[in-house]
Undergrad: 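Could you have a look at this structure, given as structure tokens, before my questions?
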Amino acid sequence: MTSFRCFLVLSLVSFLLLSTVLPSISTNDEQDDDDLRFLEETEGKSVDIASLPHLSDSDDDQFPDDDEEDEDSGSEQETDAPLSDPYKAPQIDEKDVVVLTQGNFSDFIKNNKFGMVEFYAPWCGHCQSLAPEYAAAATEMKGEGVVLAKVDATQEDELAEEYDVEGLPTIYFLVDGKHTLYPAARNKDAIVTWIKKQIGPGIYNVTTLDDAERILTSESEVALGYLNSLVGPESDELAATSKLLDDIKFYQTMNPDVAKLFHIDPEVKRPALVLLKKDAEKICHFDGLFVKTAINEFVTSNKLPLVTIFSRESAPSIFESSIKMHLLLFATLNISDKYIPVLQEAAKLFKGKLISIYVQVDNEESGKPVANFFGVSGNGPTIRAYSGDDAKKFAMNGDVTFNNIKAFAEDFLAGRLKPFYKSDPIPDTNNEDVKEVVGDNFDEIVLDESKDVLLEIYAPWCGHCRSLEPTYNKLAQHLRGINSLVIAKMDGTTNEHPKAKSAGFPTMLFFPAGKKSSDPMKVNTGRTVVDFYKFLKEHATIPFKLKKAVLVPKDKPTKTSDSKVREKSSSVSSKQEL
């Protein structure tokens, strides 16, 4: 029994001695993944300063919850309230626009066979632009049995949810309570024309020369059918086509004099069809089978100008067209007269296949943003092609001549061109902890199969990106000694790569080593150093270990370590954080 007691005493003494000695041991042991506090803070601890990397001036490594939000205000729709003062609406005569709430919405549907409802927000810029156009359309349609109304989606959230309102403005057309999304342009004429086609026959008779002259004077684009009868199969095919084309007014006649005024030979075999435009190509004659599908294809292919001048007003007709292949000429206004006719001649060869567009690069409002998107600088002329189906861009080399444009367009349509991607110049040096990636060195850095790469796609103007920068720098400083890891960033406004697709800024992507042929992983994690570190530990193909700082307890410092800290303490603030 005595020996057993001695054993217990000796064991207790040994345990106490060991507990006393262990904290005084300076260690460089590899980290315990359950204790990552040293990644976030070193304040108040004696540190082997020589082992620490250079520290950031900022001690903020937190990131807002809405970091995935795209700050680009050029979006077609707005869904978030602004940070500025409440918008003060200008005075608009909206006497014919009915204000709807949860309380009167059901009665509105019950009492109106046809109706249009706009879901809006008072602060929404697109809604503000629409307001006078919508009010004017409401006044014009008042006598047609169609009532236009509006709902403040910020106040009537239950209605907005019921009608699946995701962006503002959202406009619905209602027939007997059943709603369909309004698809056309947001101006009075487009709204009125579209509604009339939904509630009417979609086609109008022209029986007198006075009516014909009025139409030709007032309309910019019209289609006229010269028929054997104003009722029957021919008229039905024309009316059915009209329903498919919201932006073109369709007319029909049996009067030879009216046909002649519309540039149709009165002796031509009927049915005949002509499309008239106020454009360089003013007259387009249809020579196909007089059925809905063929007529629709003809009008769709010919309704746009040979060369569309890009603007806010013309943008919907470009982007909402079924033709998704675009040919673009970039040039300043003062040289455009020389090159637009060249593009027009080439465009005649590709009607129905390509939309040809002129972009005025010295127009700050509409031209400059498009030029930046395509990586075009200078005065031009420059030719680019764009595929709306996959968002790929293509660059034409050589002078802007008819033959060069023709060959380029043919190769574009045949899929023989290599896509063009924007790139800043490759940096002369790239020695920082966060590597700078541009389009032209993306493959070399990011797609290196021997490296696990974390990439931030940012925008210089993005506030969230600026908030993330100190944290991202700290992460890179900690990982600088791990050769298998690369922490990188790329300016997404001036650089592109097919593997670097960004829906907003910042976008965080991870490219695991040995798996670069696959799509990158989206980094859906918190925005602290520890969050990023844990993500990398979990997903990196190549395992790694991180050395942590040498910590020395304050109660029993060694003489050597104490003098070392005093010697270098002037170079590091006690408030600096990792």
Undergrad: To check you understand the geometry: which heavy-atom pair defines the closest contact between Pro169 and Leu130, and what is its length?
TA: CG-CD2, 4.0 Å
Undergrad: Both conditions, 6.0 Å and 45 degrees, for the charged tip of Arg527 above the ring of Phe532: are they met here?
TA: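 No cation-pi geometry.
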Undergrad: Is Lys406 salt-bridged to Glu410, cutoff N-O under 4.0 Å?
TA: yes
Undergrad: Using a 4.5 Å cut-off on heavy atoms from C-beta on, say whether the side chain of Thr541 contacts that of Lys515.
TA: yes
Undergrad: Other residues, nucleotides and ligands only: do more than 12 of their heavy atoms fall within 6.0 Å of NZ on Lys338?
TA: no
Undergrad: Hey, is the main chain of Asp440 close enough, under 3.5 Å, to the side chain of Ser423 for a donor-acceptor pair?
TA: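 Judged by distance alone, yes, a pair lies under 3.5 Å.
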Undergrad: Any luck finding a side-chain donor-acceptor pair between Gln360 and Asp362 under 3.5 Å?
TA: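 Note: Gln360 and Asp362 side chains meet the donor-acceptor criterion.
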Undergrad: Keeping the roles fixed (side chain from Asp424, backbone from Val438), state whether a donor-acceptor pair exists under 3.5 Å.
TA: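 No, because the side chain of Asp424 does not come within donor-acceptor range (under 3.5 Å) of the backbone of Val438.
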Undergrad: With a 4.5 Å limit on heavy-atom distance, are the side chains of Thr170 and Glu118 in contact?
TA: no
Undergrad: Where does the angle between the aromatic ring planes of Phe119 and Tyr172 fall among parallel (under 30°), tilted (30 to 60°) and perpendicular (over 60°)?
TA: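 It falls in the perpendicular class, over 60°.
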Undergrad: Report, one line per pair, each donor and acceptor closer than 3.5 Å where one atom sits in a side chain of residues 368-380; sequence neighbours left out.
TA:
residue : atom : partner : partner atom : Å
Asn372  : ND2  : Lys368  : O            : 3.4

Undergrad: In terms of the angle between their ring planes, are Trp461 and Phe505 parallel, tilted or perpendicular, with boundaries placed at 30° and 60°?
TA: perpendicular
Undergrad: Taking all heavy atoms of Val434 and all of Ala476, pick out the closest pair and write down the distance.
TA: CG2-CB, 3.5 Å
Undergrad: Indicate the atoms forming the closest heavy-atom contact of Asp411 with Leu417, along with that distance.
TA: CB-CD2, 3.6 Å
Undergrad: To the nearest 0.5 angstrom, please state how far the CD1 atom of Ile542 sits from the OG atom of Ser450.
TA: 6.5 Å
Undergrad: Could you check whether any side-chain heavy atom of Leu327 comes within less than 4.5 Å of a side-chain heavy atom of Phe408, counting everything from C-beta outward?
TA: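 Yes - at least one pair of side-chain heavy atoms lies under 4.5 Å apart.
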Undergrad: Between CD1 of Ile405 and CE of Met396, what distance do you get to the nearest 0.5 Å?
TA: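 The distance works out to 5.5 Å.
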Undergrad: Less than 4.5 Å apart, side chain to side chain, heavy atoms only: is that true for Pro419 and Pro498?
TA: no
Undergrad: About how many Å separate CD1 of Ile355 and CZ of Phe350, when rounded to the nearest 0.5 Å?
TA: 14.5 Å
Undergrad: Quick one, Leu306 with Lys348, criterion side-chain contact (heavy atoms from CB on, under 4.5 Å). Give me CA distance, side-chain angles, the key distance, then yes/no.
TA: CA-CA 7 Å; Leu306 287 173; Lys348 292 177 182 178; 3.7 Å; yes
Undergrad: Can you list every ring pair (Phe, Tyr, Trp, His ring centres under 6.0 Å) pair that touches residues 479-500, not counting sequence neighbours?
TA: Phe442-His497
Undergrad: Do side-chain atoms of Lys451 reach the backbone of Pro512 as a donor and acceptor pair under 3.5 angstrom?
TA: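 Answer holds: no.
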Undergrad: Taking atom CG of Asp164 and atom CG of Leu181, what is their separation to the nearest 0.5 Å?
TA: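 These two atoms lie 10.5 Å from each other.
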Undergrad: With ring pair (Phe, Tyr, Trp, His ring centres under 6.0 Å) as the test, would you mind laying out the steps for Phe394 and Phe420 before giving the verdict?
TA: CA-CA 5 Å; Phe394 305 86; Phe420 161 82; 9.4 Å; no
Undergrad: Carefully, step by step, assess Leu413 and Lys353 under the rule side-chain contact (heavy atoms from CB on, under 4.5 Å).
TA: CA-CA 8 Å; Leu413 291 173; Lys353 300 177 182 178; 4.2 Å; yes
Undergrad: Please answer whether the main-chain N or O of Ser366 pairs with a side-chain N or O of Asn363 as donor and acceptor at a distance below 3.5 Å.
TA: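 Yes; judged by distance alone, with no hydrogens or angles, the pair exists.
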Undergrad: Search all heavy atoms of Thr471 against all heavy atoms of Thr528 and return the closest pair with its distance.
TA: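 Smallest heavy-atom distance, with atoms named: CG2-C, 3.8 Å.
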Undergrad: Taking all heavy atoms of Thr494 and all of Lys422, pick out the closest pair and write down the distance.
TA: O-CB, 3.5 Å
Undergrad: Is any side-chain heavy atom of Ile487 less than 4.5 Å from a side-chain heavy atom of Asp433?
TA: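 The answer is no; the side chains never approach within 4.5 Å.
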Undergrad: For Lys435, is there an ion pair with Glu432 - N to carboxylate O distance below 4.0 angstrom?
TA: no
Undergrad: Does any donor atom in the side chain of Asp389 or Ser387 lie under 3.5 Å from an acceptor atom in the other side chain?
TA: no
Undergrad: Nearest 0.5 Å please: distance from the CG atom of Leu475 over to the CD atom of Gln477.
TA: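 The CD atom of Gln477 is 9.5 Å from CG of Leu475, to the nearest 0.5 Å.
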Undergrad: Quick one: do Thr525 and Lys534 satisfy side-chain contact (heavy atoms from CB on, under 4.5 Å)? Show the steps, please.
TA: CA-CA 9 Å; Thr525 185; Lys534 287 181 176 179; over 6 Å; no
Undergrad: For Phe510 and Phe535, what are the C-alpha separation, side-chain angles and deciding distance, and is it a ring pair (Phe, Tyr, Trp, His ring centres under 6.0 Å)?
TA: CA-CA 10 Å; Phe510 181 63; Phe535 177 90; 5.6 Å; yes
Undergrad: Mind checking the OH-OG spacing from Tyr358 to Ser356? Nearest 0.5 Å is all I need.
TA: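 These two atoms lie 14.5 Å from each other.
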Undergrad: Could you tell me whether a side-chain N or O of Ser314 sits under 3.5 Å from a main-chain N or O of Ser311, the two making a donor and an acceptor?
TA: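 Side chain of Ser314 to backbone of Ser311: a pair is present.
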Undergrad: Kindly say whether Leu304 contributes a backbone atom to a donor-acceptor pair with the side chain of Thr308 at under 3.5 angstrom?
TA: no
Undergrad: Using only atom types and a distance under 3.5 Å, with no angle test, would you say the side chain of Tyr472 pairs donor to acceptor with the backbone of Cys465?
TA: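 Not a single qualifying donor-acceptor pair exists.
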Undergrad: Only distances under 3.5 Å count here; give the side-chain donor-acceptor pairs of residues 330-337 to other protein atoms, sequence neighbours excluded, each with its distance to 0.1 Å.
TA:
residue : atom : partner : partner atom : Å
Thr332  : OG1  : Asn334  : OD1          : 2.5
Ser336  : OG   : Leu333  : O            : 2.8

Undergrad: Using modelled atom types only, decide if a donor and an acceptor are shared between the side chain of Asp152 and the backbone of Thr154 within a distance under 3.5 Å.
TA: yes
Undergrad: Decide whether Asp399 and Thr401 meet the rule of one side-chain donor and one side-chain acceptor closer than 3.5 Å.
TA: no
Undergrad: Are the charged groups of Glu365 and Arg312 less than 4.0 angstrom apart, N to O?
TA: yes
Undergrad: Take Lys522 and Leu509 through the test side-chain contact (heavy atoms from CB on, under 4.5 Å) and record every step on the way to the result.
TA: CA-CA 5 Å; Lys522 291 183 179 179; Leu509 300 175; 4.1 Å; yes
Undergrad: Does Lys489 qualify as a cation-pi partner of Tyr458, given the criterion of NZ or CZ under 6.0 Å from the six-membered ring centre and within 45 degrees of its axis?
TA: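 Here Lys489 passes the 6.0 Å and 45° test against Tyr458.
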Undergrad: Going by heavy atoms in the side chains, are Gln344 and Ile340 under 4.5 Å from each other?
TA: yes
Undergrad: Is the closest side-chain heavy-atom distance between Phe544 and Leu536 below 4.5 Å?
TA: yes
Undergrad: Would you confirm whether Gln128, through its side chain, and Pro122, through its main-chain N or O, come within 3.5 Å as a donor-acceptor pair?
TA: yes
Undergrad: Please check: side-chain N/O of Lys516 versus main-chain N/O of Asp448, any donor-acceptor pairing under 3.5 Å?
TA: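 Flag set: sc Lys516 to bb Asp448 pair under 3.5 Å.
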Undergrad: Return the minimal non-hydrogen interatomic distance between Leu468 and Glu456, and the atom names on each side.
TA: CD2-OE2, 3.8 Å
Undergrad: Between Leu329 and Ile357, is any pair of side-chain heavy atoms under 4.5 Å apart?
TA: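 The answer is no, as the side chains (C-beta and beyond) never meet within the 4.5 Å cut-off.
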Undergrad: Taking the six-membered ring of Tyr421, is the NZ or CZ of Lys393 close enough (under 6.0 Å from the centre) and on axis enough (within 45°)?
TA: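 No, Lys393 does not sit over the ring of Tyr421.
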